[in-house]
4 protein chains.
Amino acid sequence: MASNKQVEIALAAVQLFEQKGYHATSVQDIADAVGLQKGSLYHYIHSKEDLLLQIAHQAITDFNQRLEHILSLDIPAKEKLLAAIENHLTVSISNLQTTTVLLRESFALGENPHQMIQDLTDRYLDLWTAILEEGVRNEEFRIVQPKLTALAILGACNWVYRWYKQSGSLTAHEVAIVFGGLFLDGLLKE
Amino acid sequence: MASNKQVEIALAAVQLFEQKGYHATSVQDIADAVGLQKGSLYHYIHSKEDLLLQIAHQAITDFNQRLEHILSLDIPAKEKLLAAIENHLTVSISNLQTTTVLLRESFALGENPHQMIQDLTDRYLDLWTAILEEGVRNEEFRIVQPKLTALAILGACNWVYRWYKQSGSLTAHEVAIVFGGLFLDGLLKE
Amino acid sequence: MASNKQVEIALAAVQLFEQKGYHATSVQDIADAVGLQKGSLYHYIHSKEDLLLQIAHQAITDFNQRLEHILSLDIPAKEKLLAAIENHLTVSISNLQTTTVLLRESFALGENPHQMIQDLTDRYLDLWTAILEEGVRNEEFRIVQPKLTALAILGACNWVYRWYKQSGSLTAHEVAIVFGGLFLDGLLKE
Amino acid sequence: MASNKQVEIALAAVQLFEQKGYHATSVQDIADAVGLQKGSLYHYIHSKEDLLLQIAHQAITDFNQRLEHILSLDIPAKEKLLAAIENHLTVSISNLQTTTVLLRESFALGENPHQMIQDLTDRYLDLWTAILEEGVRNEEFRIVQPKLTALAILGACNWVYRWYKQSGSLTAHEVAIVFGGLFLDGLLKE
DNA sequence: CATGAATGAGAATTCATTCAT
DNA sequence: TATGAATGAATTCTCATTCAT
């Protein structure tokens, strides 16, 4: 039951947290961005930290739900992996600010809320791992250490928020093709 | 010409910045850690921000110097890539706290110092890219987009600081073998 | 649009700056004087320095406006000079604290704000000079170097904040008569 | 028995206090200026405040001694007054920095040292007053309130440190002629 | 004489949050 | 719902001075 104002505040916060970082963003900054007084913000949010938690939670939940859907499809593991990559990149790039806040600013959360995000992030890793395990089981993929491999792929994908802005001309699809090719076929000729 | 105390302060700061983050670490925390009064710290540092800059600068410079060395070796590109991966993981993991501060906390720097680190980081990417370009030129590697591929590999490697602690039993070498295999041969059978 | 509290703060600051000097007055002192917490002061002021600037600016602007009025009157230069002296002394003495802060503490301002006050002070000198020039032109006054003479008269008048308290029994008018006599007629007999 | 170093320190302090003000000048600044370490300064000075006191004390004592000499001369009061003016302006202008420190920074002294300077300053005023009283007694001067008149003349002369730099081309003698003419003859024609 | 490490008190300012209106 | 005054704790940094070497 998020009111218009709540959504507006969250959007402003995402933008500010992405630009300046959570700590460098004051509650006053957010209030200014939505045309309210500092005090009035507290009708809509519990705390600045809670605002960050909501943003991060929604972001990682979205990633999880989409990956769960892909995992449930009746297609080869190779296709699932490619879909996972393309999905991740598409979501990352089209919500670049939110993704940046999730990946860069979650550490600013206190212990409990941070653990909450961490658990969902672990879950996301598990889903990627599951795709790899399926591929090994199906004999589509070489025998690999699925979790470690998932961490490599996920690392590559998560790194995107760090460089995408500068190389802004690429589409998520173009990146996905390169990444998919790398992870499926490797660099070596033949 | 760094005195003992300066080194001690930098080490304490690395540890605290890694554990609590730059913003959550007060100058008082650092002073306590080295057994000085708050004010006395300022005999050794210019500012808290400068302390972070020194740490990050030394870290990325170390990465760059080692990779430059690898690039200069007279070995096939494939071997250079494997050496780069192993080197990066070894350094990351043996200086996990410093690497974490570099990769996670540099954003806390103000514009100018942040750009300084960014420039050195861009240089590091260029070195990875150069290895890939060499491999393509030598016809060791498939035709790839070298920069995008470098970003993928570097992303995977840089992500390590996020998960290594939890999987603490692995050595850098073990991770390097898995990563190297993934990037050279890909996942697909045959 | 200055609120009551803002006025109250400015008054307290004037009093403290006059008694202890700007540097020896802490923000805490001002807060105590108006019954607020240190932090609460910052709802009303930008900074301690800005507070000083406001005080000095208002003071010199007041001097300027009154002298501009006198200059515009249709009376002989001699009368303008006497009015200027009486006005200056009346304002100085009735706002002795503010005048003291203006003349003694403005140097504590940083470069830019200090220049701002300096410019207005230069303007004040120009107005005195204009009176003298008028008197010379009208052949009321001897030929003199108007600016240098203005500096002498203004110096004498500005010095009042240094000694008035001790000789507190004199009225501004009494002082003005002595000063006026001195500057118009000189000391010599005949 | 002021050593070379002590003199050097005092000169550096005068220059810095004049340029930046006493409060804005750190002990480190002074140490830098004379090529010593902060700690080493304390072999030569008791405290920063004492340094200011020495400077101010020497300055006002110099003014007093010279005026006492003038007062003791066997010449008309009119000549004494002109000599006093010329002397004051000559000393002020040739030691402009010291005079500025005396007149602008003495207020930074604590109560007791400040009173010490104040007493010497009062003495200086008394000497000027004595000249005027002598002139009245001799019937050289009109009947005036000697102290108030002395305050006017002294104010005019003391103000010089505020404007002289800008009008740097004038000599002390040139200023003295204008000031002397003003105080003896006044502005009015005839 | 000179150093420079260390002190410890104090400074201005920021800021998330609360609450009466 | 909205305000904005008020809080009070926290933060970074400065600085005059001391003293063992």
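Naming: A, B, ... by sequence-line order, numbering from 1 per chain.
- Rounded to whole Å, the distance from NZ on Lys20(A) to C1' on dT14(E) is 13 Å.
- For Tyr44(D), the side-chain atoms get nearest to dC1(E) when compared with the rest of dC1(E), dT17(F), dA16(E).
- Residue order along DNA chain E, read from the 5' end via each residue's closest nucleotide, puts Gly39(D) first among His23(A) and Gly39(D).
- In this structure, the CG atom of Asn4(D) is 15 Å from the C1' atom of dC1(E), given to the nearest Å.
- Distance CG (Asp29(B)) to P (dC13(F)): 14 Å, rounded to an integer number of Å.
- Taking only side-chain atoms of Lys48(D), from C-beta outward, the nucleotide of dA6(E), dT3(E), dA16(F) with the closest atom is dA16(F).
- dA20(E): Watson-Crick or G-U partner is dT3(F), with both key distances under 3.5 Å.
- Taking the side chain as every heavy atom from C-beta outward, Ile30(C) and Leu36(C) never approach each other to under 4.5 Å.
- Nearer the 5' end of DNA chain F, as judged by each residue's closest nucleotide, is the contact made by Lys5(C), out of Lys5(C) and Gln28(B).
- Lys38(A) has its NZ atom 14 Å from the C1' atom of dC19(E), to the nearest Å.
- Cation-pi geometry between Arg104(A) and Phe107(B) is met: under 6.0 angstrom from the ring centre, within 45 degrees of the axis.
- Regarding Leu41(A), its CG atom lies at a distance of 11 Å from the C1' atom of dA16(E), rounded to whole Å.
- Side-chain contact of Gln28(B) with Asp32(B): a donor-acceptor pair under 3.5 Å is present, judged by distance alone.
- Comparing atom distances between the Gln37(B) side chain and each of dA2(F), dC15(E), dT7(E) picks out dT7(E) as nearest.
- Residue-level contact check: Ser40(D) touches the bases, meaning some heavy atom is under 4.0 Å from a base atom.
- Atom pair Ile9(A):CD1 and dT1(F):P shows a separation of 11 Å (rounding to whole Å applied).
- Figure legend. dA10(F) is base-paired to dT13(E); pairs are counted as Watson-Crick or G-U wobble with both atom distances under 3.5 Å.
- Per the geometry, OH belonging to Tyr42(B) stands 17 Å off P belonging to dA5(E), to the nearest Å.
- Checking dA6(F), dT3(E), dA16(F) against the side-chain heavy atoms of Leu36(D) singles out dT3(E) as nearest.
- As the counterpart of dG8(E), dC15(F) is assigned, both hydrogen-bonding distances of the Watson-Crick or G-U wobble pattern falling under 3.5 Å.
- Separating the CG atom of Leu16(C) from the P atom of dA11(E) is a distance of 13 Å, rounded to the nearest angstrom.
- The two residues Glu8(D) and Val34(D) come nearest to each other via the heavy atoms O-CG1, 3.8 Å.
- Using a distance-only test at 3.5 Å, with no hydrogens or angles considered, a donor-acceptor pair links the side chain of Lys48(B) to the main chain of Tyr22(B).
- In this structure, of dT12(F), dA16(F), dT3(E), it is dT3(E) that holds the atom nearest to the side chain of His43(D).
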